[in-house]
Amino acid sequence: MMNAFDPTQDRRAFLRTAMGLAAGASAWPMLAAAAGGAAAADAASGTSSSSATALQSGARRSVIIDCDPGQDDAIAILFALGASERLDVRAITTVAGNVPLNLTERNARIVRDWAERTQSLPVYAGCPRPLTRELITAANVHGKTGLEGVPLHEPLAPLAPQHAVAFLIDALRAAPPHSVTLCALGPLTNLATAFTEAPEIRNGIREIVLMGGAFFERGNITPAAEFNIYVDPQAAQVVFASGVPIVVLPRDVAVKAPITPARIAPIRALGNRCGTMAADIMAAEVAYQKGRRGVEEAPMYDPCATGYLIEPSLFKGREVNVMIETVGEWTLGETVVDWSGHSGRKPNATWITEVDADGFYAALRARLATLP
Ligand code: BDR
Ligand code: CA
């Protein structure tokens with residue numbers, strides 16, 4: 001099956017495939033109004049500023065987390081696992097990003113051990129590099145292991161045997177229509193590869209909730225681009241053209257809920273293993289920013305995505321059209337958000353800009369408290 005798509009094909013050929021997917025997507029109901037789900041109906045309901053009603057509180061979501069742990073990915077995973085009455089996390093798929101794939105998949109297995117989910121939460125390894133570009137990592141930020149700040153043990157159990165893309169295809173094919181939420185916390189290579197190889201699997205997806213992009217804030221890897229989108233802009237283009245309902249938690253919102261020593265303290269005071277791990281990781285993130293920028297705070301990235309799934313009422317955003325810059329000399333990976341509607345292009349995402357930061361940290365602490 002995997003032979004049908006060769007991620008090493010040249011960029012021009014890949015983009016032709018991607019454009020074909022984009023064109024085909026028009027037949028697939030944009031924002032899935034036919035889904036009958038709150039996500040689809042609310043997402044299709046208008047373009048004015050509104051609270052993030054793409055997701056209704058109370059419904060238990062069936063979730064697959066696609067990630068590149070990564071310090072903040074680890075906290076995001078723990079946050080999700082601590083909210084089991086809201087989120088049924090079925091699997092973790094990993095991708096190369098913050099660190100190479102052999103470390104992201106290993107770190108995901110370590111994090112599931114912390115939460116004592118070793119046997120019940122499969123981890124799949126996916127794509128080892130972006131679709132057409134060389135891998136750029138953020139090991140300078142997340143440390144050589146990808147989980148700077150905490151002691152790491154040898155994972156207690158091996159990877160699931162399937163490739164993450166094959167797993168995604170099988171799982172989404174078997175899923176009831178519009179039933180699975182994909183929570184994407186890294187470069188979008190796994191998702192784009194799955195969509196390109198088996199476009200029909202989009203029908204099994206309820207929505208994609210992703211951390212990525214920047215608009216009102218500038219980039220964090222280049223002046224124009226946020227890391228997850230910059231690492232694999234071609235993959236991001238495929239995902240944003242897919243027609244699947246998308247909720248974006250960009251840098252714009254991450255900087256509005258900064259990690260500070262005062263916010264770490266109550267989490268450390270929990271005294272449990274997962275609270276301590278999260279506190280130590282957050283402290284390492286703050287220490288990095290202090291060294292780099294001289295401030296004692298760090299953006300809260302990936303946990304905003306799982307936080308949105310757990311407590312959507314804490315967030316506000318707006319439906320907009322988002323295009324991905326894939327050819328710019330200085331702007332590669334930029335998320336071009338049509339905030340004012342000039343382009344006339346239909347909305348393809350809900351772009352989150354606001355968060356109740358204190359509410360967010362209270363929710364994070366409460367969910368971590370339920371874990372070992
Ligand atoms: C994103 O990039 C990664 O370094 C983080 O894990 C997060 O997903 C922030 O730009
Ligand atoms: Ca990440």
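Whatever order the structure lists ligands and atoms in, that order sets their numbers, starting from 1.
Atom 8 (O) of ligand 1 has its closest protein heavy atom at Asp302 OD1, 2.6 Å. Residue, atom and distance of the protein heavy atom nearest to atom 1 (C) of ligand 1 are Glu226 OE2, 3.3 Å. Nearest to atom 6 (O) of ligand 1 among the protein's heavy atoms is Asp72 OD1, 2.6 Å.
For ligand 1 and Leu185, the ligand atoms under 4.0 Å from any heavy atom of the residue are 8 (O). Residue contact check: Asn98 has heavy atoms under 4.0 Å from atoms 3 (C), 4 (O), 5 (C), 6 (O) of ligand 1. The ligand atoms of ligand 1 that sit less than 4.0 angstrom from a heavy atom of Asn220 are 9 (C), 10 (O). Under a 4.0 Å criterion applied to the non-hydrogen atoms of Asn228, ligand 1 contributes the atoms 1 (C), 2 (O), 3 (C), 7 (C), 8 (O). Per-residue contacts place Phe227 under 4.0 angstrom from the following atoms of ligand 1 (heavy atoms of the residue considered): 2 (O), 3 (C), 4 (O), 10 (O). With ligand atoms numbered from 1 in the order given, ligand 1 contributes 1 (C), 7 (C), 8 (O), 9 (C) to contacts under 4.0 Å with heavy atoms of Met211.
Looking only at N/O/S atoms, Asp302 comes nearest to the Ca ion (ligand 2) through OD2. Closest approach between the Ca ion (ligand 2) and any N/O/S atom of Asp68 involves OD1.
No side-chain N or O of Asp252 forms a donor-acceptor pair with one of Thr353 less than 3.5 Å apart. In this structure, a donor-acceptor pair under 3.5 Å is present between the side chains of Thr93 and Asp66. Looking at Tyr301 and Asn228, their side chains never bring a donor and an acceptor atom within 3.5 Å of each other. Remark: the Gln71 side chain and the Asn98 side chain contain no N/O donor-acceptor pair separated by less than 3.5 Å.
With rounding to the nearest 0.5 Å, the separation of CD in Gln289 from OG1 in Thr260 is 13.0 Å.
Considering backbone and side-chain N/O of Asp73, one or more are found under 3.5 Å from N/O of ligand 1.
Using a distance-only test at 3.5 Å, with no hydrogens or angles considered, no donor-acceptor pair links the side chain of Arg129 to the main chain of Glu134.
Aromatic ring centres of Phe360 and Phe79: separated by under 6.0 Å.
Not one N/O/S atom of Asp72, from backbone or side chain, sits under 3.0 Å from the Ca ion (ligand 2).
The one candidate from Val180, Val248, Leu182 that meets the side-chain contact (heavy atoms from CB on, under 4.5 Å) condition with Ile208 is Leu182. The side-chain contact (heavy atoms from CB on, under 4.5 Å) test with Asp72 singles out one residue from Met211, Met282, His142, and that residue is His142.
One finds an angle of 140° at the Ca ion (ligand 2) between OD1 on Asp73 and O on Leu185, to the nearest 10 degrees.
Proximity of His142 to ligand 1 is established by a heavy-atom distance of less than 4.0 Å.
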